[in-house]
Number of protein chains: 2
Amino acid sequence: MARAEHPSGRAATLSDVARIAGVSLATASKAINGRDQVAPATRRRVIEAAEQISFTPNELARSLIAGRTGTVGLLTNDLEGRFVIPILMGAEDAFGAGQVNVFLCDARGDAIREQHQLKALLNRRVDGIIVVGRQTDPRPSLGHDLPVPVVYAYAPSDDPTDVSVTPDNVAGGRMALEHLLACGRRRIAHISGDPAYAAAQDRAVGVREALADAGLELVGDVMFADWSEHWGRDASAMLLAQHPDIDGIVCASDQIARGVLDTLRDLGRRVPEDVAVIGYDNWEILATNSRPELTSIDANLQQLGRAAARRVFEAIDGIEGDAGTHALPVRLVIRGSTIPRR
Amino acid sequence: MARAEHPSGRAATLSDVARIAGVSLATASKAINGRDQVAPATRRRVIEAAEQISFTPNELARSLIAGRTGTVGLLTNDLEGRFVIPILMGAEDAFGAGQVNVFLCDARGDAIREQHQLKALLNRRVDGIIVVGRQTDPRPSLGHDLPVPVVYAYAPSDDPTDVSVTPDNVAGGRMALEHLLACGRRRIAHISGDPAYAAAQDRAVGVREALADAGLELVGDVMFADWSEHWGRDASAMLLAQHPDIDGIVCASDQIARGVLDTLRDLGRRVPEDVAVIGYDNWEILATNSRPELTSIDANLQQLGRAAARRVFEAIDGIEGDAGTHALPVRLVIRGSTIPRR
DNA sequence: CTGTTAGCGCATTCAT
DNA sequence: ATGAATGCGCTAACAG
């Protein structure tokens, strides 16, 4: 097994260093931590001794004294990791690599399990917690009687006195539609996903608002069903049968958009010349492999993670962030499904 | 901010409990930890006191004494999280939820960053480390002079004296081909991905072996390029132009298979009646949304995670696992692209 | 059965 | 500039 037969049998401690350097424990501590009350020569001896036995300070002991651990808990229900990974990366960015470490727990949508994980995180004395959901629908608050700050990411808390960061789906719907307008489209339909999702409703609101601002109306009703490619194929077939003259389709997910592209191709409609199609989520595996590649709205999840981490940090440092759900800006990623490649 | 104004100002400690219950620190400890040398009545008093002030034991202090933390580091380079999440879930399964917590660090393919993360994990005194790569090619070993056991998952270590668990790609290639044989196919081609990947080479080996065992030969050469849908579309077009009579295609990834399905559809070939297609990875988002749905090989990543966790555990408990790369079994998932739906 | 004592590894007083 | 002593929160010896 890849376990070192450490000469000492166990990890080196500061008192080992002190003994080798011929100084006291206190002096060794000061030397290692760069305190200024130690003679340069002494410091050098201590540091050499430390290197010699590969001493690394025990963060457990440090944390016990400091009262803070430099760890954060990431509590997720996002099984597929589609949302949690970019958020984790953003959090690592914000915390600074190696400065703060992240405990990742997956509650798997089970409230009991979530309570267990939460308790375990608190017992380990994390300095803060980020809760990540896999939908943008509000989720139950963990409550306020926790000894550490909590920030909700992607799925906001249902308690407005909590701090939540979530992508701005209304703005995303609006942005998608305005892009089609900018591409010269006027007869635009909207194929959405599961109507039970806040994301579906919010994006539809943005689409409608932007259309109204332009003095236009949606072609047909918003078509709700589920988030699948199958639905995208079926919905677009129905749509084109009823409204053969549409020239733009806003899809509420990239999966739906993939299905739409399929049907348009089957029906001999050119994309984007005849019909421009825009997806949502910018899920690269789907968006960059289609024919043509898919213009999409990106939720900036990594930035969302950074924002969540920053707010946790501020709270740890005692800075009162403003409570409520903060809708963060999204981003348009233009590809061939709305603008022809040259 | 969602921080409790904890009445005491800080978390309750065991001595708070002891004081309230009117017993000594040691007795409180025994009572809480279910030791048997304490009178039932006393235990009840202590537990009540603990609940009254919501005492939860400080794992830091416990770990400091025990010499083990009940934490494991998961060091990954898998940016997209496609592999690391199922592995994390498997690890949580094996460890038991809440028993062990996992530090997840993303080194982002940067060796320096990896060293930083590694050091941070060791300073936090994780009991073991699982290293996850995003390819099955061997990766540099972390070395043997670490104070904790290390197990490599998905990407094996290049040092055969390390412990690695990785999916059996040769068996997977073989399994894919044998399934097509079982479906009555005889004129079979293989469209693979980037030839620089061990996964591509290994799967091709399995395909060739199984063909040879059946006394057959591959139609054309193995076609290598990259892992994209684009390549799947192009490769299958070339393939059908040269060998119009093929009746089965083994694809080395689901993305490639999706492209192949597209081209077959464009060319008017029925799947699976005319040509059976099998993918690889069982990436559900791709496999379950295609027309028809895609038969695929699943690498059992969650099981891989469990295996890695189990081996880390055994090593922590001093059980010497057998070093080397362990190829774990994969699994066939049959859908409509090889067998017609009834 | 209960309490006293001694640490786990370290940082921080406060003396010298 | 250095070192002895104290304590972070807890468990494990022992002694009563």
Side-chain angles (χ1 to χ4, degrees), chain A residues 6 8-47 49-50 53-71 120 122-127 147, chain B residues 6 8-47 49-50 53-71 122-127 147-148:
Chain A
H6 233 63
S8 55
R10 47 169 197 69
T13 80
L14 188 59
S15 58
D16 296 334
V17 175
R19 194 165 14 78
I20 293 178
V23 297
S24 78
L25 229 163
T27 304
S29 173
K30 289 169 193 160
I32 298 258
N33 291 312
R35 298 329 197 80
D36 53 358
Q37 304 149 325
V38 56
T42 310
R43 164 159 299 148
R44 219 175 314 115
R45 284 214 323 283
V46 171
I47 290 181
I53 60 176
S54 346
F55 165 80
T56 67
N58 185 326
E59 283 298 332
L60 291 178
R62 286 187 154 176
S63 301
L64 193 56
I65 297 170
R68 354 181 292 105
T69 54
T71 63
L122 293 178
N123 289 351
R124 295 203 188 284
R125 297 301 190 265
V126 294
D127 294 333
Chain B
H6 231 63
S8 55
R10 48 170 195 68
T13 80
L14 188 58
S15 57
D16 295 335
V17 175
R19 191 163 19 76
I20 293 178
V23 297
S24 79
L25 230 166
T27 304
S29 173
K30 288 169 194 159
I32 297 261
N33 292 312
R35 297 328 200 74
D36 53 358
Q37 304 148 324
V38 57
T42 309
R43 163 159 300 147
R44 218 174 316 112
R45 283 215 323 283
V46 171
I47 291 181
I53 60 176
S54 351
F55 165 80
T56 67
N58 186 327
E59 282 297 332
L60 292 177
R62 285 186 156 175
S63 301
L64 194 57
I65 296 170
R68 0 179 287 102
T69 54
T71 63
L122 294 178
N123 289 352
R124 294 204 188 282
R125 296 301 190 265
V126 293
D127 295 333
V148 298

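If you're wondering where the values come from, they're calculated on a predicted model, not measured in any experiment. Below, chain A is the first sequence line, B the second, and so on; all start at residue 1.
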So, using side chain to side chain contact (heavy atoms under 4.5 Å, CB included) as the criterion, who are the partners of [X] when residues are at least two apart?
X: A:Ile32; result: A:Leu14, A:Val46, A:Ala50, A:Phe55
X: B:Ile47; result: B:Arg43, B:Glu51
X: B:Ser63; result: A:Leu60, B:Glu59, B:Thr69

Qualifying salt bridge (charged side-chain N to carboxylate O under 4.0 Å, His left out) pairs with a residue from residues 23-38 of chain B, counting only residues at least two apart or across chains: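 Salt bridge (charged side-chain N to carboxylate O under 4.0 Å, His left out) check on residues 23-38 of chain B returns no pairs.
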
Span of DNA chain C, from the first to the last nucleotide whose atoms fall under 4.0 Å of chain A heavy atoms: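 So the contact region on DNA chain C extends C:dG9 to C:dT12.
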
Chain B contact limits on DNA chain D, taken 5' to 3' with a cut-off of 4.0 angstrom to heavy atoms: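 Reading along DNA chain D, I get D:dG9 to D:dA13.
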
Considering all heavy atoms of both residues, which atom of [X] and which atom of [Y] are nearest to each other, and what is their separation?
X: B:Val148; Y: B:Val126; value: CG1-O, 3.2 Å
X: B:Arg124; Y: A:Gly70; value: NH2-O, 2.8 Å
X: B:Ala31; Y: B:Val38; value: CA-CG1, 4.2 Å

Nucleic acid contacts - residues 32-42 of chain A versus DNA chain C, non-hydrogen atoms under 4.0 Å: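 The answer is A:Asn33, A:Arg35.
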
Given DNA chain C, 5'-ward residue of the pair B:Arg125 and B:Ser24, judged by closest heavy atom: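 That would be B:Ser24.
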
Sugar-phosphate, base or nothing in reach of A:Ser29, heavy atoms under 4.0 Å: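 The answer is base, as A:Ser29 lies within the cut-off (heavy atoms under 4.0 Å) of a base atom.
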
Atom pair CG (B:Leu64) and CG (B:Asn58), whose distance is rounded to the nearest 0.5 Å: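 With rounding to 0.5 Å, CG (B:Leu64) is 9.5 Å from CG (B:Asn58).
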
Partners passing salt bridge (charged side-chain N to carboxylate O under 4.0 Å, His left out) against B:Arg19 (at least two apart in sequence or in another chain):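 B:Arg19: salt bridge (charged side-chain N to carboxylate O under 4.0 Å, His left out) contacts with B:Asp16.
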
By salt bridge (charged side-chain N to carboxylate O under 4.0 Å, His left out) - contacts of B:Arg125 (at least two apart):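 Per chain and number, B:Arg125 pairs via salt bridge (charged side-chain N to carboxylate O under 4.0 Å, His left out) with no residue.
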
Partner set under side-chain hydrogen bond (donor to acceptor under 3.5 Å, both in side chains) for B:Arg68, not counting sequence neighbours: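 Listed in chain order: B:Asp127.
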
Side chain proximity check, A:Val23 to A:Arg45, heavy atoms < 4.5 angstrom: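 Yes - at least one pair of side-chain heavy atoms lies under 4.5 Å apart.
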
Close approaches to DNA chain D from residues 60-70 of chain B, in residue order (heavy atom, under 4.0 Å):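 When residues 60-70 of chain B is checked for heavy atoms under 4.0 Å from DNA chain D, the hits, listed by number, are B:Ala61, B:Arg62, B:Ile65.
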
Angle between terminal axes - the helix from C:dC1-D:dG16 to C:dT16-D:dA1, 5 pairs each end, rounded to 10°: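 Comparing the first five pairs with the last five, the axes sit 50° apart.
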
